[in-house]
Amino acid sequence: MSQRSLFDAEPPAWEIDAQSMVLAATVVLPSGPPGEFDYAIPDTMADPRKPDVYVEPGRRVRAPLGRGNRPVVGYCVAVGPKPSSPSRPLKPLRGVLDPVSLVSPSMLRLTRWMADHYLTPWGQVLEGVVPSGVRGRAGTRDVTLLSVPTKVAARLTGLELPPKQADVLQALAASSKPLSLKQLAMRVGCTTAPINALRKRGLIESRVERLATDGLLAEDVAVERQPAKRLNPDQARTLDTILAAVDAGEHETILVHGVTGSGKTEVYLQAIERVVSFGRQAIVLVPEISLTPQTVGRFRERFDRIAVLHSHQSDVERHRQWRRIAAGDVEVVVGARSAVFAPTPHLGLVVIDEEHETTFKQDTAPRYHARDVALERTRAEGVPLVLASATPSLEAWRCSQPGAPERFRLASMPRRIGDLPMPAVRVVDLRVDGESRGAISRPLYQAMDQALRDDGQIILLLNRRGYSTHVQCPACGYALKCDHCDVAMTFHRQDNAVVCHWCDYRSAPPTVCPDCRSPRIRYGGMGTQKLEAEVNARFRGVSVTRMDADTMRRPGSHETALDAFRHGETRILLGTQMIAKGLDFPNVTLVGVISADSALNLPDFRAAERTFQLVTQVAGRTGRGERGGRVIVQTFDPDHPAILAAVRHDYERFASEELPARRALGYPPFGVMARIIARGASEPLLTAYLDQVAETLKRAVQEAGAKVRLVGPAPAPITRLRGEFRRHLQMHSPSGDAVRAALRAGWLPIKPPEGVRSVVDIDPTDML
DNA sequence: AGCACGCCGACT
DNA sequence: GTCGGCGTGCTC
């Protein structure tokens with residue numbers, strides 16, 4: 001059916017109010033009312049030959065909203081005929097903001113899915129997905145270009161003009177290309193007055209063009225190209241599995257479970273080469289922390305045109321990359337979480353490296369998980385998705401096992417490249433060997449001493465930054481907490497201050513107990529700063545580098561530190577989890593885990609999984625060269641299944657022990673979880689609000705006969721943050737749709753009172 | 001989210 | 001009588 005016939009359709013005779021069909025745009029708003037609104041498209045905005053003011057899906061438009069017709073900006077998400085009646089006519093759009101569509105039809109469908117899945121208004125999802133630099137066309141500016149019309153140029157000499165104006169016209173006619181107002185004034189040596197006079201007379205014509213303000217930015221650094229590496233049998237098999245999906249041209253999810261050092265990267269590089277040879281693009285998501293020049297360099301060695309997207313880019317740079325990608329000028333997009341929205345015109349493959357990392361979950365609205373969004377996107381676009389990890393998330397793992405609702409194909413790479421052995425792991429029971437009062441037990445000290453004498457390098461992991469992790473008074477039991485948060489203050493010796501790691505509140509370190517004035521106040525607990533001091537004291541003359549959020553503040557400091565370690569200028573690298581992932585230094589012969597159980601007692605059902613991942617990942621940093629490597633794991637809980645499994649590099653053992661426990665409690669991956677977090681200055685108000693939500697939710701669940709279990713409301717594990725109280729309510733269900741239905745019926749309609757903010761987190765990764 | 005509409009108290 | 005308080009509900 002042609003569009004014309006829709007317009008010609010007669011309104012039904014029984015319709016009292018004569019309806020007619022008008023061309024309308026459906027608009028969603030980035031803030032304000034969450035619904036969809038239809039507006040009539042004026043004829044002036046329906047002409048594709050006028051691209052600057054053409055309304056199409058994916059562009060932003062100006063529209064009048066409400067009885068006062070206050071002007072708002074929204075995203076056009078659809079265009080089509082809509083009924084309009086004289087009693088309730090559609091209001092017309094006021095204008096078009098974007099000269100091109102910012103969101104492709106497939107990306108509109110994806111964001112629509114996110115809006116439903118995460119209970120976030122569609123407009124807010126779009127606002128969170130289109131970078132602000134793209135919206136504002138950062139790095140470009142409207143420039144008025146002046147030229148002499150050909151008709152005028154022909155009779156230039158016959159014109160009677162004041163002297164300045166004659167000069168201006170002469171100069172512009174002589175110019176080979178159009179000039180801006182400023183350029184022309186400069187060339188003639190006059191003000192803009194005579195130029196404007198000529199424009200008014202029609203002797204100079206002008207047009208507006210959008211130009212880059214800075215010309216071309218520095219192009220990609222040329223890197224020497226490297227050929228594909230030879231694959232071992234495990235790698236070849238895995239590549240075949242991926243290529244079979246690529247060649248079939250269908251969606252399939254492949255979980256690549258390869259131990260640390262098994263060469264997963266080379267496999268997906270070669271898979272991408274195939275995809276690129278078809279003229280399609282690939283997206284590779286990596287955790288932000290590993291988006292280093294080294295990682296990016298590996299892609300530059302293999303592909304001519306890559307785009308990098310990460311959160312520390314300027315608006316101008318992000319806009320430029322976005323345009324390159326959208327224009328099809330890029331073969332591979334490498335980026336953090338948000339690169340899953342890269343506007344590739346012909347997507348052929350998505351890879352998520354270190355799939356288990358929690359940084360793929362965004363912790364502000366829209367609270368999406370890049371893995372789940374990638375799954376949805378690749379399914380919709382009919383292309384394969386590769387998830388790669390040495391320690392897959394249990395969510396991904398379960399999907400690779402029989403009986404799961406979602407089926408991933410599993411490709412295992414159980415051996416390291418070159419048949420290098422996995423490093424031997426020794427557990428040090430701190431209940432027995434922790435007598436030395438410091439961070440380094442005797443067995444670890446001896447191993448470090450040995451490694452240094454053998455000319456090896458050492459990595460020490462301690463997942464707490466600062467010097468002392470708590471300040472406590474033995475006399476009265478007082479523990480120093482942040483004034484604004486329910487969190488212990490950490491002493492930082494470098495700044496000589498106690499610091500809150502959640503809100504960055506700082507104050508002077510107390511010398512007496514603030515509560516009972518006892519001078520015996522104690523600074524306890526081990527942070528990376530104290531560990532560094534201990535290493536320096538016990539290994540005099542050995543170069544040590546500490547890597548944590550405090551030493552890595554400046555851009556580039558990450559690279560500097562790692563380069564120094566790579567070149568052997570640093571013998572001991574110590575730090576938080578940022579040193580646990582992805583590093584590949586063959587000379588590291590010892591890894592020490594100072595406290596393997598530090599994350600084990602967090603109030604989080606994933607504590608064991610996190611611990612297993614962290615210990616396994618950091619253990620994988622050694623034994624990557626011919627010299628082998630060993631790992632020392634210090635713990636107060638040496639019999640914990642997660643630590644035992646990590647010690648044996650045995651992922652499947654960990655999974656087979658942890659999954660039944662999750663199943664018994666209905667936790668992910670066997671059930672879907674949602675969390676309502678409410679915060680506000682008044683605790684009673686919070687409690688009243690969340691109790692009411694719980695009540696309406698309970699009723700909604702009952703009426704629907706749904707299997708949804710409510711836990712709480714209760715104070716959140718961090719009861720106070722930045723001066724606000726926090727309470728939460730958890731929901732568990734075998735069905736995500738049941739959870740969403742309950743939230744739509746029992747949470748959305750309850751408006752929080754003034755001073756209370758309420759958010760929903762679907763599939764939360766963080767329980768604090 | 002913002003803004004018009006509504007229905008009750010102290011003022012010219 | 002009416003100016004304005006902010007509770008309520010709608011926005012194509």
Side-chain angles (χ1 to χ4, degrees), chain A residues 3 6-7 9 11-12 15-46 53-97 103 108 111-112 115-116 118-130 132 135 364-367 676-682 685 688-689 692-693 696 724 743-760:
Chain A
Q3 276 211 327
L6 281 165
F7 286 97
E15 192 69 71
I16 302 155
D17 201 2
Q19 278 194 354
S20 59
M21 300 300 262
V22 297
L23 188 62
T26 305
V27 175
V28 296
L29 308 175
S31 64
E36 300 176 9
F37 301 95
D38 293 331
Y39 288 91
I41 301 177
D43 291 344
T44 52
M45 300 181 203
V53 289
Y54 180 58
V55 175
E56 63 179 335
R59 295 206 205 193
R60 286 169 307 157
V61 291
R62 255 189 291 275
L65 184 72
R67 279 174 285 208
N69 286 327
R70 105 192 118 91
V72 295
V73 168
Y75 289 81
C76 171
V77 293
V79 168
K82 283 280 151 89
S84 176
S85 63
S87 66
R88 206 170 184 286
L90 292 181
K91 294 181 190 177
L93 287 177
R94 292 265 165 87
V96 183
L97 261 87
V103 191
L108 282 171
T111 50
R112 175 70 215 270
D116 288 342
Y118 297 106
L119 284 109
T120 305
W122 194 358
Q124 203 184 328
V125 174
L126 287 165
E127 194 81 346
V129 156
V130 178
S132 69
R135 290 198 298 266
T364 55
R367 298 169 170 263
I676 300 171
I677 307 135
R679 58 188 169 89
S682 156
L685 217 53
Y689 161 73
Q692 192 198 347
V693 169
T696 50
E724 287 184 313
L743 284 165
R744 265 186 259 277
W747 172 73
L748 268 186
I750 311 291
K751 227 179 84 183
E754 183 83 31
V756 173
R757 313 217 132 225
S758 178
V759 297
V760 153

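Predicted model, so just to flag it, every value in this text is computed and none were measured.
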Polar atom pairs (N or O), protein with nucleotides 9-11 of chain C, under 3.5 Å:
unit_1	atom_1	unit_2	atom_2	d
C:dT11	OP1	A:R88	NH2	3.3
C:dT11	O3'	A:G66	N	3.0

Side-chain donor-acceptor pairs of residues 118-126 of chain A under 3.5 Å, sequence neighbours excluded:
unit_1	atom_1	unit_2	atom_2	d
A:Y118	OH	A:H369	N	3.1
A:T120	OG1	A:Y118	O	3.0
A:W122	NE1	A:T111	OG1	3.0

Donor-acceptor pairs under 3.5 Å, side chain of residues 60-70 of chain A to any protein atom, not counting sequence neighbours: which ones?
unit_1	atom_1	unit_2	atom_2	d
A:R60	NE	A:D98	OD1	3.3
A:R60	NE	A:D98	OD2	3.0
A:R60	NH2	A:D98	OD1	2.6
A:R60	NH2	A:R135	O	3.0
A:N69	OD1	A:K91	NZ	2.5

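- Distance CD (A:E127) to P (B:dA1): 14 Å, rounded to an integer number of Å.
- Applying the side-chain hydrogen bond (donor to acceptor under 3.5 Å, both in side chains) rule to A:Y75 yields the partners A:E127; only residues at least two apart in sequence or on another chain are considered.
- Comparing A:R757 and A:G68, the nucleotide of DNA chain B nearest to each residue sits closer to the 5' end for A:R757.
- The salt bridge (Lys or Arg N to Asp or Glu O under 4.0 Å) analysis of residues 30-40 of chain A, with sequence neighbours excluded, yields the pairs A:D38-A:K82.
- The side chain to side chain contact (heavy atoms under 4.5 Å, CB included) test applied to A:P71 returns no partner, not counting sequence neighbours.
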